[in-house]
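In what follows, a single structure is set out as structure tokens and then discussed.
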Amino acid sequence: MALPPRIRTAVVPAAGQGTRMLPATKAVPKELLPILERPALQIIVDEALGAGVDHVVIVTSRTKPAIEQYFAAAPEVEASLEKQGRGALAEQLRRYGKDVRVSFAYQDAPRGLGHAVACARDLVGSEPFFVMLPDELMEDSSLLNDLATLTQRTGVGAVALKRMPREELFRYGIVTPVGPLVKTDGVESLPIAKVVEKPHVDDAPSDLAIIGRYALTPDIFDVLDGLAPGGTGEIQLTDALSIQSERAPLHGVISQIGRRDIGNPLGWIEAVIEAGLEHAEFGDGLRTWLRTVI
Ligand code: G1P
């Protein structure tokens, strides 16, 4: 069997209302809230670029025009930066939205993550693709690369996992391992089946939670199309993964990657402080200031 091609497309579901970050998100989509000077969505795009992606499909809502605006060319801003002698920043702005093709699909009602992914179907086409949840920021592109390696080798989808404490399990999709950990091509993974979305702790099949990175095969779209909305009226990606895994177990990559959940205010502040401490220009100043306030 021929190997599936390299993963070149990433789908980023970004149609949510961001209610945990209200009132800021009344006017600014949560995906554009800055982590220092870079919007979270740019960090996601940069992670995708680092894994060789050349097409990002953003599933957005018509109530969030700022997302499209962010990727549009801004010749006036660039020209005035050039005049001020800030050519490097002008060049950086020109690069955004250019070094990768960015397309938009629309999810007009909050009908769940599975529905959001299904909205991207026409733009994804018939090749494997990543799904990247923008509430989660990863320290680098290594996790995407690992997922891609597995999916390319086997032709079966792969999901990123992290062991979570029991009290956190109800927030995540939890997988059932159906075999031992194996290391192939430098990537450690285990076969998984049945995925349960946000179970009660007593019903959780393991402590392995899906974190927001997936490498999926395009047959997931037919599975999603066949799904009826669950009790909440939402179409869950985890249900589609469960059905797929009945045909052949999916791969789970247990990751140790540095990760921040920025969908809530505390996680967002932590991500900003962490980025600040690493910043070449402000890092030392921030560290000194933090010592004075703690
Ligand atoms: C989504 C998925 C869930 C996954 C989680 C990762 O849930 O439905 O399976 O574990 O992302 O963050 P959400 O956080 O959007 O409610």
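The first residue in the sequence is number 1, and the count goes up from there. Any value given below was found using the heavy atoms of this structure, including those in side chains, with hydrogens, waters and symmetry copies removed. Atoms within each ligand, like the ligands themselves, are counted from 1 in listed order.
Taking all heavy atoms of Arg171, Arg213, Lys198, Arg259 into account, the minimum distance to atom 13 (P) of ligand 1 is reached by Lys198.
The residue Val195 has no part lying near ligand 1, judged by heavy-atom distances below 4.0 Å.
Note that atom 11 (O) of ligand 1 has protein non-hydrogen atoms nearby, at separations under 4.0 angstrom.
Using cut-offs of 30° and 60° for the angle between ring planes, the Phe71 and Phe104 rings count as tilted.
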request  = Step by step, work out the side chain to side chain contact (heavy atoms under 4.5 Å, CB included) result for Arg38 and Ile35.
outcome  = CA-CA 5 Å; Arg38 243 183 343 157; Ile35 307 296; 5.5 Å; no
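The nearest heavy-atom contact from the protein to atom 8 (O) of ligand 1 is Glu197 OE2, 2.6 Å. Ranking protein heavy atoms by distance to atom 1 (C) of ligand 1, first place goes to Leu133 CD1, 3.9 Å.
When only interatomic distances are considered, the shortest N/O to N/O separation between Ile210 and ligand 1 falls below 3.5 Å. Any N or O atom pair closer than 3.5 Å counts here, and Gly173 shares at least one such pair with ligand 1. Looking at Glu136 next to ligand 1, an N or O pair under 3.5 Å apart turns up.
Here is the list of ligand 1 atoms found below 4.0 Å of a heavy atom in Thr238: 9 (O).
Phe170 and Ile174 sit in two unconnected hydrophobic clusters of ILVMFWY residues. Membership requires side-chain heavy atoms under 4.5 Å apart, directly or through other members. In the hydrophobic clustering of this structure, Val196 does not group with Leu161; members are Ile, Leu, Val, Met, Phe, Trp, Tyr whose side-chain heavy atoms approach within less than 4.5 Å, directly or through other members.
Side chains of Ile58 and Tyr70 form no contact here, defined as non-hydrogen atoms less than 4.5 Å apart. Here the side chains of Ile210 and Val175 are in contact, with some heavy-atom distance below 4.5 Å. Within the 4.5 Å cutoff, the side chain of Ile211 has heavy atoms near those of the Arg259 side chain.
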